[in-house]
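Have a look at the structure below before the remarks.
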Amino acid sequence: MNTPSMQALELATHGPVIPVIVLDRIDDAVPMAEALVAGGVRVLEVTLRTPVALQCMEAIARAVPEAIVGAGTVRSVADAQAAKDAGCRFAVSPGYSQAIGEACRQLALPLLPGVATASEVMAANADGYTFLKFFPASAAGGVVMLKAFAGPFGDVAFCPTGGISLATAPQFLALPNVKVCGGSWLTPPEAVAAGDWGRITALAREASALRPA
Ligand code: 3PG
């Protein structure tokens, strides 16, 4: 069966961590993406949180073919359309709405929609989405909550994101219903501001090597 989550699940096959990226300067986009790719991290979620985010996505999509760039913080149908137009290959939303689900389906843009409760899991499932971002993972119950979700939602896979670190990621990755984790720790703002791409490559390499606890 061809569900909307099948292509999104492919994102989880490239490594254990998807970096959640905030870019304030267009000029940082390509070197940052290259630094992450050099460390073995290809799937990049660039958040729509800054005025230059779309231009950064475009620049990465154009100049870093090894990267699989997607848009994070997709909160509206217009965001989804803009992400597609910028060359994004997937979208991540902090929560789920039927409108975003339908828009991404129409755009053929794989969507990783966010959920934090059983009702939200059911709403996303009803529209065919079975690979979900669990957000904000730590604040919403972390590993304990994901273990509880495994009972009623045995066929649902998660990408926990929010409050996860290099130290805690292995505990999440050890859960059968977790396919990949998201986190911003690979791209510390001070390293980006300083253009310290070597540090970002080192953080990416460390994240790529993570194994389940
Ligand atoms: C986010 O949306 O900012 C992500 O969940 C990243 O969270 P983190 O900064 O706690 O990793």
Side-chain angles (χ1 to χ4, degrees), residues 8 11-12 14-24 28-29 32-33 35-36 39 41-54 56-57 60 68-76 79-80 82-83 88 90-97 100 104 109-117 120-121 124 129 131-146 149 157-173 175 177-193 196 199-200 202-210 213:
L11 300 171
H14 295 278
V17 182
I18 296 176
V20 177
I21 300 165
V22 177
L23 283 162
D24 291 303
D28 291 335
M32 170 188 280
L36 288 165
V41 173
R42 291 183 57 205
V43 178
L44 314 181
E45 176 187 336
V46 177
T47 57
L48 283 168
R49 293 184 201 174
T50 62
V52 296
L54 287 166
C56 290
M57 294 164 192
I60 296 168
I68 299 168
V69 65
T73 322
V74 170
R75 294 169 55 193
S76 66
D79 286 346
C88 285
F90 67 94
V92 184
S93 53
Y96 181 71
S97 75
I100 287 183
C104 287
L109 187 63
L111 172 68
L112 180 59
V115 298
T117 68
E120 290 160 13
V121 174
Y129 290 96
F131 177 39
L132 309 174
K133 163 167 158 157
F134 176 46
F135 174 80
S138 297
V143 164
V144 175
M145 184 74 155
L146 286 162
F149 275 166
F158 294 93
C159 169
T161 305
I164 299 180
S165 64
L166 184 76
T168 60
Q171 288 137 43
F172 286 93
L173 293 168
L175 301 174
N177 58 350
V178 168
K179 300 297 168 206
V180 62
C181 286
S184 64
W185 81 86
L186 283 69
T187 52
E190 68 280 7
V192 181
D196 189 351
R199 176 157 174 230
I200 288 175
L203 288 165
R205 199 168 281 136
E206 207 174 28
S208 304
L210 276 175

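Each ligand, and each atom within it, is numbered from 1 in the order the structure gives. Computed from a prediction, not measured in an experiment: that's the story for all the values here.
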Qualifying residues under salt bridge (charged side-chain N to carboxylate O under 4.0 Å, His left out), relative to D79, sequence neighbours excluded:
none
Test of understanding: with salt bridge (charged side-chain N to carboxylate O under 4.0 Å, His left out), list the residues that count as partners of R42, not counting sequence neighbours.
none
When you measure from the side chain of T73 to the backbone of T47, do you find a donor-acceptor pair of N or O atoms at a distance under 3.5 Å?
no
Do the rings of Y129 and Y96 sit parallel, tilted or perpendicular, given the 30° and 60° boundaries?
tilted
Could you check if a side-chain atom of N177 sits within less than 4.5 angstrom of a side-chain atom of F172, using non-hydrogen atoms only?
no
List ligand 1's nitrogen or oxygen atoms that come under 3.5 Å of a protein nitrogen or oxygen, with the partner atom and distance.
from, atom 1, to, atom 2, distance (Å)
ligand 1, 2 (O), R49, NH2, 2.7
ligand 1, 3 (O), R49, NH1, 3.1
ligand 1, 3 (O), R49, NH2, 3.2
ligand 1, 5 (O), G162, N, 3.4
ligand 1, 9 (O), S184, OG, 2.5
ligand 1, 10 (O), G163, N, 2.6
ligand 1, 11 (O), S184, N, 2.9
ligand 1, 11 (O), S184, OG, 3.3

Not counting sequence neighbours, which residues clear side-chain contact (heavy atoms from CB on, under 4.5 Å) with L210? List them please.
P16, V17, L166, A169, P170, L173, W185
